[in-house]
There are 2 protein chains.
Amino acid sequence: MTEKNLTLQLDFHSGLPIYTQIANQIQSQLVNGLLKPGDQLPTVRALALELRVNFNTVARAYRILDEARIISTQQGRGTFITEIPPPEVSEKLRSESLLELTDRFIGEALRLGFSEREVSQMVRDRLKVRKEAERQEEE
Amino acid sequence: MTEKNLTLQLDFHSGLPIYTQIANQIQSQLVNGLLKPGDQLPTVRALALELRVNFNTVARAYRILDEARIISTQQGRGTFITEIPPPEVSEKLRSESLLELTDRFIGEALRLGFSEREVSQMVRDRLKVRKEAERQEEE
DNA sequence: TCTTGTATTGTACTAATTGTATCATTGTGT
DNA sequence: ACACAATGATACAATTAGTACAATACAAGA
């Protein structure tokens, strides 16, 4: 299937934490195209076995990448390269991704029979709700 | 001819459980009118085969919809869209569906690092583009 | 018509596989 | 010796898959 063989090279004496090395190398492989959005990474246990480390160490590396929005970890399913690369990768990509996301959203809403006015109104409403929720938290 | 082709689109990397995606999309298609009261849905096994998932996953989606009185599952017969979905429920479903769709969209955009302002601006832009395209067609 | 065998349907329960959370242990630098 | 970061161990939770079962439909034969 979409299973990738990562062939990571760990240096146990480099001073860099294992989880950092794992995270760095996965990120590198994404940057130079060895990994692509949507690819499934090995499970934490499988990669840990291969690297002869504890699976929590792999999990920690995955968590770092997850927090950086580079991968998406899903309990019970697996971990995957994020479909849309993180914004900071490229500003051009960034605006294009919002455009595509928006078009998909609008397209789906219209396909479901909602009017443009309804869509626009709902977006305003939900953004407002969100802002109010934020204000709540600050208190 | 009781067979409906649902043409569901699953995203295995979206973070949403498969069963949720199935349930949501069936609900959408009901709201949208692609499915009507009395329609028979594919059997859990048939849909599972088509979607390449385990039939229990489909069964779970059906159970959720069944509990919401949206469909009626009958052992040994099949599953059907509920005959009389009260109009107010239907309208409620409708607005909830746009709400959920919108929240998902906004959530994803923000998660990608876009600001609320950017999101709102982009929605306005794309709706405008769409409207202008419509006007073109009329001429 | 009635009976009966078989296929088809959803259900229930369990297992397997995934990532998560928490705390213990180890190791290193001061 | 101590402090702290890194790693390991263990238990947990979420999702999906596997297996056996029960209800229904339906066609064939008496």
Side-chain angles (χ1 to χ4, degrees), chain A residues 1-6 8 10-26 38-83, chain B residues 1-4 6 8 10-26 38-83 111:
Chain A
M1 256 268 297
T2 28
E3 194 72 10
K4 287 283 170 175
N5 224 358
L6 287 187
L8 305 184
L10 295 188
D11 181 351
F12 289 90
H13 307 97
S14 73
L16 260 70
I18 308 296
Y19 64 85
T20 304
Q21 296 184 43
I22 296 174
N24 284 348
Q25 293 187 33
I26 289 177
D39 280 350
Q40 176 164 17
L41 297 177
T43 69
V44 288
R45 285 173 178 80
L47 184 53
L49 195 66
E50 183 184 327
L51 299 178
R52 316 291 186 89
V53 300
N54 187 274
F55 71 84
N56 283 296
T57 302
V58 176
R60 185 163 176 185
Y62 280 7
R63 196 176 69 233
I64 289 172
L65 293 172
D66 186 290
E67 283 166 358
R69 310 296 178 189
I70 291 170
I71 66 177
S72 153
T73 63
Q74 298 162 38
Q75 185 169 351
R77 309 258 308 275
T79 80
F80 307 86
I81 303 287
T82 304
E83 285 296 347
Chain B
M1 131 76 225
T2 33
E3 196 71 9
K4 283 283 171 175
L6 287 187
L8 305 185
L10 296 187
D11 180 352
F12 289 90
H13 316 310
S14 73
L16 264 71
I18 307 297
Y19 63 86
T20 304
Q21 294 185 45
I22 296 174
N24 284 348
Q25 293 188 33
I26 289 176
D39 280 351
Q40 176 165 18
L41 297 177
T43 69
V44 288
R45 286 174 177 79
L47 185 52
L49 194 67
E50 182 184 326
L51 299 178
R52 316 289 188 87
V53 300
N54 188 275
F55 71 84
N56 281 298
T57 303
V58 177
R60 184 163 177 184
Y62 280 9
R63 197 175 70 233
I64 289 172
L65 293 172
D66 187 290
E67 284 166 357
R69 310 305 173 108
I70 290 170
I71 65 177
S72 153
T73 62
Q74 298 163 36
Q75 185 169 346
R77 304 213 24 234
T79 79
F80 306 86
I81 303 287
T82 304
E83 276 302 343
R111 196 171 52 76

If only side-chain N and O atoms of [X] are considered, is one of them under 4.0 Å from the OP1 or OP2 phosphate oxygen of [N]?
{"X": "Arg60(A)", "N": "dT7(D)", "result": "no"}
{"X": "Thr57(A)", "N": "dA6(D)", "result": "no"}
{"X": "Tyr19(B)", "N": "dT15(D)", "result": "yes"}

Rounded to whole Å, how long is the line connecting atom [atom1] of [X] with atom [atom2] of [N]?
{"X": "Leu65(B)", "N": "dT11(C)", "atom1": "CG", "atom2": "P", "value": "12 Å"}
{"X": "Asp11(A)", "N": "dT7(D)", "atom1": "CG", "atom2": "P", "value": "12 Å"}
{"X": "Phe80(B)", "N": "dT24(D)", "atom1": "CZ", "atom2": "P", "value": "13 Å"}
{"X": "Asn54(B)", "N": "dT16(D)", "atom1": "CG", "atom2": "P", "value": "10 Å"}
{"X": "Ile22(A)", "N": "dT7(D)", "atom1": "CD1", "atom2": "C1'", "value": "11 Å"}
{"X": "Leu49(B)", "N": "dT16(D)", "atom1": "CG", "atom2": "P", "value": "17 Å"}
{"X": "Ile18(B)", "N": "dA17(D)", "atom1": "CD1", "atom2": "P", "value": "8 Å"}

Taking all non-hydrogen atoms of both residues into account, name the closest pair between [X] and [Y] and its distance.
{"X": "Leu47(A)", "Y": "Pro42(A)", "value": "CB-CB, 4.0 Å"}
{"X": "Leu16(A)", "Y": "Gln21(A)", "value": "O-NE2, 2.8 Å"}
{"X": "Val58(A)", "Y": "Ile22(A)", "value": "CG2-CD1, 4.1 Å"}
{"X": "Phe12(B)", "Y": "Gln74(A)", "value": "O-OE1, 3.8 Å"}
{"X": "Val44(A)", "Y": "Ala59(A)", "value": "CG1-CA, 3.8 Å"}
{"X": "Arg77(B)", "Y": "Gln40(B)", "value": "O-NE2, 3.6 Å"}

### Task
Can you check each nucleotide of nucleotides 17-30 of chain C against protein heavy atoms at under 4.0 Å and return B for base, S for sugar-phosphate only, - for none, in 5' to 3' order?
-BBBB---------

